[in-house]
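Here's the structure, in structure tokens; my notes come after.
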Amino acid sequence: MTRPVLIIGAGIAGLWAALKLAPRRVILLTGSPLGEGAASGWAQGGVSAALAGDDTPALHARDTIEAGAGLVDAEAAEALASGAAQEVRDLAALGAPFEREGEAWSLSREAAHSRHRVARVTGDGAGAAIMQTLIAAVRVADHVEIRDGWAATALIPDAEGGCAGAVARSPTGETLQILADETVLAMGGAGGLFALTTTPAGAQGQAMAMAARLGAIIQDPEFIQFHPTALNAGLDPAPLCTEALRGDGATLTDRSGHRFMKAIHTDAELAPRDVVARAVHRQNAAGKGASLDCRAAIGEAFPRRFPAVFAACRQAGIDPRIEPVPVAPTAHYHMGGVATDIDGRTSIAGLWAIGECASTGLHGANRLASNSLAEGLVSAARVARVLTDTPDRSAAPASAAGTAQIPPALPPLALTRLRQAMSRHCGVERTGAGLAELSALIEAMIERHGEADALIAARFITAGAIARTESRGGHFRTDFPQTNAVARHTRLSLADLTRSTGPALAHTAPAE
């Protein structure tokens, strides 16, 4: 009898893959209680897809490639762009309440898009609405066994060097080995490694650490996208002020009311995210301040058009209808991750990765706005299609001596120290000296606390940043501000990190 496919993670990618795999049996480990802890539910802008009459997948792919600062793999961009519209239609058919204008889609435009192509829900509620739709569907799906609140703690190696499933921990602390011939990682990103983040704090790059222990390759871990406009009000996590605000005409101003982006980029507030993030960071670092002025563009319509952002502002004592909103760039999305092909296949037999935890080369060095939910949907559909047609493999667990080892947990105070150091030294702007200090801290913490997932993930990110002696997209080195003529991917294994923590450890390959 064929074993169920094991899916680890219940964000948009994991849930969509579970549904698309029907009628094949699925075991779904949700990590947190279903509907909690997934960054997908916090996504505000929407799903990018060529749905308008003046748009095409070729234009969507072109915009994705241009935004990615030379590192986007064209095949990955074309796969996303050609598949996104159908996934949005399928979601709508399932009940996701995308906005419509009569028979047409109501689409917004976000940074670096050449067309209006972001399908949205109530202005800033796309992620939450999509998640509600998917959760309702998964709960009644006969082929899906939901292990609600069960978290994967380690992957099980098989006798041939592949993956044979995972060790999981129940909400009550029970530990169980779940054997599977095919295991899909859909565990989200690494924003929780930073003190300032728009993502759930529990997203700490666990997929990278778990996959790397089996020998998987990690690609481009240094590329963190810092969202330019998180609410700068001392909240953790920092509420996101969606890019759709700027798409609808909101402007970035300093304390004197001067609009500073016009002098920095021809697209002003709709420049690529890395450009806007650095500008906002420098404004705040120089003491000039940075605020999002929505008064003229949105004004009294704010509570109706962007209810989630409005609620966050009011929680912080700010009324965006009558005053500018203070903003700061905040860790938002991990462009790197477990290296896969466009179908989610990793370098380890029986192990797949989709969504934010995977690195297909789609986002390159700078993700195009609203390509994240689109990637979750398209990558889930692709992996489900491949697994449906994949001949059954029989993964026998390795001998007892080689079975999964559960990593230690990082104590809360140590995690806080790590997050602060990551934001300080591996943030919007980086230096070799700061990265070296961060690397030394991580090694000292590993020596003291063991190889916790968070420390291994931080080690990958830091090592990639040290090795990349240039500035490209979301990775900016003030000591190497130039961009190299040839764009190369960083590819690292766990063995690379244990051999060296210096710049020579990265295996680079030209972007295709």
Side-chain angles (χ1 to χ4, degrees), residues 9-13 30-45 124-131 151 187-207 224-245 273 276-277 280-281 284 290-292 306-318 320 325-335 337 355-357 367 369-370 372-373 376 410 412-424 426-428 453-454 457-458 461 474:
I12 191 170
T30 69
S32 303
L34 188 57
E36 301 177 16
S40 299
W42 298 9
Q44 294 179 348
D124 60 7
I130 291 170
M131 285 292 289
M187 301 176 70
L193 295 176
F194 293 81
L196 297 174
T197 181
T198 63
T199 71
Q204 297 166 10
Q206 292 94 333
I224 306 292
Q225 185 166 72
F226 295 87
H227 197 288
T229 54
L231 178 61
N232 190 12
L235 301 177
D236 181 20
L240 182 65
C241 295
T242 174
E243 200 154 281
L245 294 166
R273 280 186 172 176
V276 183
V280 172
H281 168 75
N284 286 328
S291 294
L292 193 60
F306 299 99
V309 180
F310 184 75
C313 288
R314 298 304 291 142
Q315 180 186 356
I318 299 163
V325 179
V327 293
T330 309
H332 180 60
Y333 191 88
H334 193 198
M335 273 98 58
E356 189 176 354
C357 71
R367 177 176 66 89
S370 287
S372 52
L373 294 184
L410 190 61
L413 288 178
L415 177 60
T416 297
R417 187 181 180 196
L418 175 66
R419 294 180 71 195
Q420 291 171 343
M422 289 289 286
S423 283
R424 183 166 58 252
C426 207
V428 178
D453 284 346
I461 293 169

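- Minimum heavy-atom separation, Ala458 to Leu193: N-CD1, 3.9 Å.
- A 4.5 Å side-chain heavy-atom check between Asp453 and Gln204 finds every atom pair outside the cut-off.
- In terms of heavy atoms, Gly205 sits closest to Ala457 at O-CB, 3.6 Å.
- In terms of heavy-atom proximity, Pro320 sits nearest to Phe310 at CG-CD1, 3.7 Å.
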Check against side-chain contact (heavy atoms from CB on, under 4.5 Å), Ile224 and Ile461: CA-CA 9 Å; Ile224 306 292; Ile461 293 169; 4.1 Å; yes
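- Between Thr229 atom OG1 and His332 atom NE2 the span is 9.0 Å, to the nearest 0.5 Å.
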Would you sort out whether Leu231 and Gln315 count as a side-chain contact (heavy atoms from CB on, under 4.5 Å), showing the intermediate values? CA-CA 11 Å; Leu231 178 61; Gln315 180 186 356; over 6 Å; no
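- Arg367 places a side-chain heavy atom less than 4.5 Å from the side chain of Ser372.
- To the nearest 0.5 angstrom, Thr198 atom OG1 is 5.5 Å from Leu240 atom CG.
- Summarising the geometry, atom CG belonging to Leu245 is positioned 5.5 Å from atom CG belonging to Leu292; distances are rounded to the nearest 0.5 Å.
- Across every non-hydrogen atom of Phe226 and Pro329, the tightest pair is CB-CB, 4.2 Å.
- The nearest pair of heavy atoms linking Cys426 to Phe194 is O-CE2, 3.4 Å.
- Results of the side-chain contact (heavy atoms from CB on, under 4.5 Å) test with Asn232 over Pro239, Ser291, Cys241, Pro326 single out Pro326 as the only residue that passes.
- Counting all heavy atoms, side chain and backbone alike, Ala238 lies closest to Ala230 at CB-CB, 4.0 Å.
- Rounded to the nearest 0.5 angstrom, Ile12 CD1 and Glu356 CD are separated by 12.0 Å.
- Side-chain atoms of Arg419 come within 3.5 Å of backbone atoms of Gly192 as a donor-acceptor pair (strictly under, hydrogens ignored).
- Without hydrogens or angle criteria, Thr330 side chain to Ala328 main chain gives a donor-acceptor distance under 3.5 Å.
- No donor-acceptor pair closer than 3.5 Å links the side chain of Gln225 to the backbone N or O of Met335.
- The side chain to side chain contact (heavy atoms under 4.5 Å, CB included) test applied to Ala414 returns Leu410, Pro411, Met445, His449, not counting sequence neighbours.
- From Leu418, atom CG reaches atom CG of Leu413 across 12.5 Å, with rounding to the nearest 0.5 Å.
- Rounding to the nearest 0.5 Å gives a distance of 13.0 Å between OG1 of Thr197 and OH of Tyr333.
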